[in-house]
Number of protein chains: 2
Amino acid sequence: MEMGIPMGRREQERRWRRQYILNVAERLFARKGYHQTTMAEISKASEFGMATIYQFFKSKEKIYIAIFNEKLDLLIRFVEEAVKRAKDPVEKIKVILKANFDFFKQHQDFFKLYSMEREAIAVIIKEDLGKGIYKKHHQGIKLVAEVIEEGIKRGYFHPLPPKDVAILFLGMMEEYINTWIKEDVDWEQKLKIITEVFLNGILNRKHQGERNV
Amino acid sequence: MEMGIPMGRREQERRWRRQYILNVAERLFARKGYHQTTMAEISKASEFGMATIYQFFKSKEKIYIAIFNEKLDLLIRFVEEAVKRAKDPVEKIKVILKANFDFFKQHQDFFKLYSMEREAIAVIIKEDLGKGIYKKHHQGIKLVAEVIEEGIKRGYFHPLPPKDVAILFLGMMEEYINTWIKEDVDWEQKLKIITEVFLNGILNRKHQGERNV
DNA sequence: CCATTTTTGGAATATTAATTCTAATTGATA
DNA sequence: TATCAATTAGAATTAATATTCCAAAAATGG
């Protein structure tokens, strides 16, 4: 199982089936939410019997957790990779936005699930693993906060509390993706708008003297 | 029942009890989510029997919907009132932020519920009334978008699509409140930060020449 | 205070759906 | 191909809980 030791056909098939079940469940959960999706439906849609599914996952809850954990890992890795390739903080912010947009365009079902239940998950899932997901969300905040902090140190950004700025940034991004993901929009355009607002704010230069914030 | 005709004691008591049930349910839903909260718990916590509760609400779902509808109405009215009192667009933006912060500080249980299930609600609630809630959310977006539009026309804000900016604004705000509502923070301070970021962006003046957004 | 109406508590019912079980099938090994 | 182990389908079981029902209690009005 460890890296380097090749998997036999048997094991590969197992993996493939496991993943298949997760994909089917993800689609169903995204469409109808956790509670409205029954094991019978997952069984039917995946064309596996109950026992088979329970072979792979101890419970419905575990399926749910697995989807979140695996997709969130994927996302975090994807964003981290992208950030590494950018040099200056402004570039990094742009790259984070683009990476998130791209990822969620590719995984729309998951995004739906994510925005639908990220907050609820601590409540839906009794198990401690639910907290692991919560932790991964904070890992995302931390990543952005570090970029912000670097940007402040290097004089690119206003000296504001990095964590606060990171939260504002992610809030913007999430709600924005959430609104537009359903529709068939020009993503380049959207990316430009959010970048513009976040970096430059909405205030027009000619009025900036007036500000008394 | 119409304005002007005074309610008898009987009717007033009924209202009070109805509201009491809603308050209890709200607290429970906020703590454990919709599905984890049972009618038995609502009955126990409110010290009303089942039949009594079903006297007031046809179903558990109706209780949930009632909470959302009534609180959202309250919020919208509260924000609209506040906006009326402000003159220029910059002031209006600040006032909207403050009104939301204040409202949710006052109604923390509801905020929890709101952020937990706003997205999920269309899925949790089968009934059409679920869509009414969705509509109210958009009413909020519209209100902000109008302020933005006015601001652009009067030259205060950059000419960006008002609805997009409104969504970004609300996303920021929601996530921000969400993060800090649990903790005992300096709200004035937080209000300043979000206002600053939204109005001026994070980019430092000295680097603005470099921007190639 | 009595008759009538309304309200109430909580037990009984019905439903829904997660999980387990069993018998049948499939696949591997020799 | 025969044997044994692993896998599977789907029915049966079980658990949870929303809703209904009914007898008892309380409020109302004459």
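Letters A, B, ... are given to chains in the order of the sequence lines, protein chains preceding strands, and every chain is numbered from 1.
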Counting the atoms with a prime plus P, OP1 and OP2 as sugar-phosphate, which does E47(A) contact under 4.0 Å by heavy atoms, base, sugar-phosphate, or nothing? sugar-phosphate
With a 4.0 Å cutoff (strictly under), does any side-chain N or O of R17(B) reach OP1 or OP2 of dT6(C)? no
Should the pair K71(B) and F111(B) be classed as cation-pi, given the thresholds of under 6.0 Å to the six-membered ring centre and 45° from the axis? no
Tell me, please, whether Y34(A) has K60(A) positioned over its six-membered ring: NZ or CZ under 6.0 Å from the ring centre and within 45 degrees of its axis? yes
Given dT17(D), dT7(D), dA18(C), which nucleotide is nearest the side-chain atoms of T38(B)? dT17(D)
Nearest to the side chain of R14(A), which nucleotide is it out of dT7(D), dT8(C), dA17(C)? dT7(D)
Looking at side-chain heavy atoms only, is the closest gap between Y176(B) and D164(A) below 4.5 Å? yes
As a test of reading the structure: which of dT8(C), dT7(D), dT19(C) is closest to the side chain of K60(A), going by heavy atoms? dT19(C)
Within 45° of the ring axis of F56(A) and under 6.0 Å from its six-membered ring centre, is that where the NZ or CZ of R14(A) lies? yes
Can you name the atoms? Protein N/O to nucleotides 20-22 of chain D N/O, anything below 3.5 Å, with the distance.
none

For dA9(D), does either OP1 or OP2 sit under 4.0 Å from a side-chain N or O belonging to S43(A)? no
Y114(A) side chain near L72(A) side chain, heavy-atom distance below 4.5 Å: yes
Should the pair K84(B)-E81(B) be classified as a salt bridge under the 4.0 Å nitrogen-to-oxygen rule? yes
